Amino acid sequence: MPLAIVVGGFFGDEGKGKVAGYLGYTDKPGIAVRCGSINAGHTVVYNNRVWKLRIVPSFFLSWRTRLLIASGALIRLDVLFREIEETGVRGRLFVDKHTGVIEDRHVEMEKSDEFLSKVIGSTLQGVGAAMVDRVLRRLRLAKDVKELSDLIVDVALEVNEALDRGELVYIEGVQGTFLSLYHGTYPYVTSRDTTASAFLSEVGVGPKRVDHVIVVFKSYVTRVGGGPLENELSLEEAQKMGLLEVATVTGRVRRVAPFNIGLAKRAVMLNSATQIAITRLDALFKEDRCVREWSKLSLNARRWIEELENILKVPLTLIGTGEDILCMVDRREELGFGWRR
Ligand code: IMP
Ligand code: MG
């Protein structure tokens, strides 16, 4: 059974929570590992319930899945414990001994001008400041926090052993390729690399162990905070087209632009995408709302997808058609990517 990773192809908020929620529900992986930190909000909607998750893996819906937080991730105790209750995953969620712990002083540090937080439009969650402390080798790690003592495990060892046993493992990347500290629109970026390789490193698995890199795009591009956004639409245009969104963590209105092929090609390259998931197809083709079969999609929607597939040269295996995780066209079996059976 494979190792698969889900990453964002644009500037975050592509709908990774929805895709991960669906994959968790249908594939029932043995393990799912969350990377990154609490600046990244992932939304999972299932059966009229909405979870806005900042640290618990969005793959949580199957009770069979063991949920882990990566060594390279950063948690906040209050956020972690609150979400464990909200999702009811106590007893199957564990934290790596080297996961970093954000404290109130990190949030304070980010308010100083030195952090350029205003210019960049930081989410002000203390993540960047905690990364600074990590580099200065003075960050508190999970293994040294009493409240976490019952949750501490060796995530790298667990993941590698699960793969040796042939279990399915998912890694949940966060944010998006162009917010990467290395490959993004510097300095308008976040405080970590956000490409697939970086998340493998956060977990502790080598590149040869990955079977599937699922890059998630939305049918249009959004960005919160500062930095370039090609072909940006005015607020009015975005609203008229039904593309206005509010950010999960900060509640800010997201900036909007049409789907960007150039960025998508580059994201495919930077992540070695093997599959693409596209979300919010229903935003472009309203008649396709919550359609779940390829053959039932409108002709225009199918043409749009096929054209994209031809340009990007990567199979578009998962197509989101609504908020609920089950509003999904899953073409994996049909395209030869099935591993359930
Ligand atoms: P920070 O990492 O919170 O300091 O934010 C740096 C930049 O990345 C800002 O423009 C944020 O709006 C953006 N950003 C950080 N995390 C996310 C995310 O999960 N989704 C979308 N944008 C994000
Ligand atoms: Mg988000």
Side-chain angles (χ1 to χ4, degrees), residues 6-21 34-45 50-58 72-76 79 83 100 102 106-135 172-195 198-199 202 215-218 220-229 232 243-257 263 267 277 279-280 320 323:
V6 174
V7 293
F10 289 143
F11 298 95
D13 309 314
E14 300 90 353
K16 288 177 296 297
K18 145 119 188 175
V19 172
R34 171 66 141 83
C35 298
S37 190
I38 57 167
N39 45 0
H42 290 177
T43 303
V44 179
V45 181
V50 181
W51 293 270
K52 291 183 183 291
L53 303 173
R54 297 168 58 189
I55 198 63
V56 165
S58 303
L74 295 164
I75 58 173
R76 244 192 96 105
V79 176
E83 289 188 4
I102 301 173
H106 295 119
V107 179
E108 289 307 311
M109 276 165 77
E110 288 195 350
K111 290 180 185 158
S112 99
D113 288 345
E114 203 182 21
F115 272 84
L116 295 181
S117 296
K118 280 208 195 76
V119 183
I120 285 158
S122 169
T123 59
L124 288 174
Q125 298 301 309
V127 181
M131 288 303 273
V132 169
D133 270 0
R134 192 160 202 155
V135 173
E172 181 171 347
V174 295
Q175 303 167 311
T177 299
F178 299 102
L179 288 177
S180 163
L181 185 60
Y182 305 149
H183 304 289
T185 54
Y186 192 89
Y188 300 96
V189 294
T190 191
S191 47
R192 68 180 67 246
D193 181 16
T194 53
T195 60
F199 297 122
E202 284 193 24
V215 174
V216 184
F217 296 117
K218 191 156 58 183
Y220 50 97
V221 183
T222 57
R223 172 163 210 173
V224 277
L229 181 61
E232 183 166 357
L243 305 182
L244 264 201
E245 298 178 3
V246 171
T248 312
V249 174
T250 56
R252 292 179 288 186
V253 171
R254 292 178 182 150
R255 300 159 62 197
V256 184
L263 286 183
T279 63
R280 296 230 56 199
E323 284 84 14

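Nothing here was measured: the structure is a model prediction, and the numbers come from that model. Whatever order the structure lists them in is the order used to number ligands and atoms, beginning at 1.
Of the protein's non-hydrogen atoms, the one nearest atom 10 (O) of ligand 1 is I120 O, 3.0 Å. Of all protein heavy atoms, the one closest to atom 19 (O) of ligand 1 is A40 CA, 3.0 Å. Counting protein heavy atoms only, atom 5 (O) of ligand 1 is closest to S122 CA, 3.5 Å. Remark: minimum distance from atom 9 (C) of ligand 1 to any protein heavy atom is reached at G121 O, 3.2 Å. Closest to atom 2 (O) of ligand 1 among all protein heavy atoms lies T190 OG1, 2.5 Å.
Contact analysis puts D13 in contact with ligand 1, with a non-hydrogen atom separation below 4.0 angstrom. In this structure, R252 is part of the shell of residues with a heavy atom less than 4.0 angstrom from ligand 1. Residue contacts with ligand 1 leave out Q125, since none of its heavy atoms falls under 4.0 Å from the ligand.
Looking at ligand 1, you'll find an N or O of N39 within less than 3.5 Å of one of its N or O atoms.
Nearest residue to atom 6 (C) of ligand 1 from V224, V189, T123 is V189 (criterion: closest heavy atom).
Annotation: side chain of R192 is in contact with side chain of S37 (closest heavy-atom distance under 4.5 Å). In this structure, the side chains of F11 and D13 stay at 4.5 Å or more apart for every pair of heavy atoms.
At least one N/O/S atom of G41, from backbone or side chain, sits under 2.8 Å from the Mg ion (ligand 2).
Of the heavy atoms in L179, only side-chain atoms (C-beta onward) come closer than 4.0 Å to ligand 1. Contacts between F11 and ligand 1 below 4.0 angstrom, taking non-hydrogen atoms only, involve the backbone exclusively.
How far SG of C35 is from CG of L74: 11.0 Å, rounded to the nearest 0.5 Å. With rounding to the nearest 0.5 Å, the separation of NE2 in H106 from CG in L124 is 14.0 Å.
Electrostatic pairing of R34 and E83 does not count as a salt bridge here, judged by no charged N lying under 4.0 Å from a carboxylate O.
Against a heavy-atom cut-off of under 4.0 Å, Q175 is close to the following atoms of ligand 1: 15 (C), 16 (N), 17 (C), 18 (C), 19 (O). The contact set between ligand 1 and G225, taken as ligand atoms under 4.0 Å from a residue heavy atom, comprises 10 (O).
Counting only distance, with no hydrogens or angles, the side chain of T279 and the backbone of E14 share a donor-acceptor pair below 3.5 Å. T194 contributes a side-chain N or O that, together with a main-chain N or O of S180, makes up a donor-acceptor pair within less than 3.5 Å. Listed for the R223 side chain is no donor-acceptor partner under 3.5 Å among the backbone atoms of F10.
Considering just the N/O/S atoms of D13, the one nearest the Mg ion (ligand 2) carries the name OD1.
Using modelled atom types and a 3.5 Å distance limit, the side chains of R54 and Q125 yield a donor-acceptor pair. T190 and Q175 share a donor-acceptor pair across their side chains, judged by distance under 3.5 Å alone.
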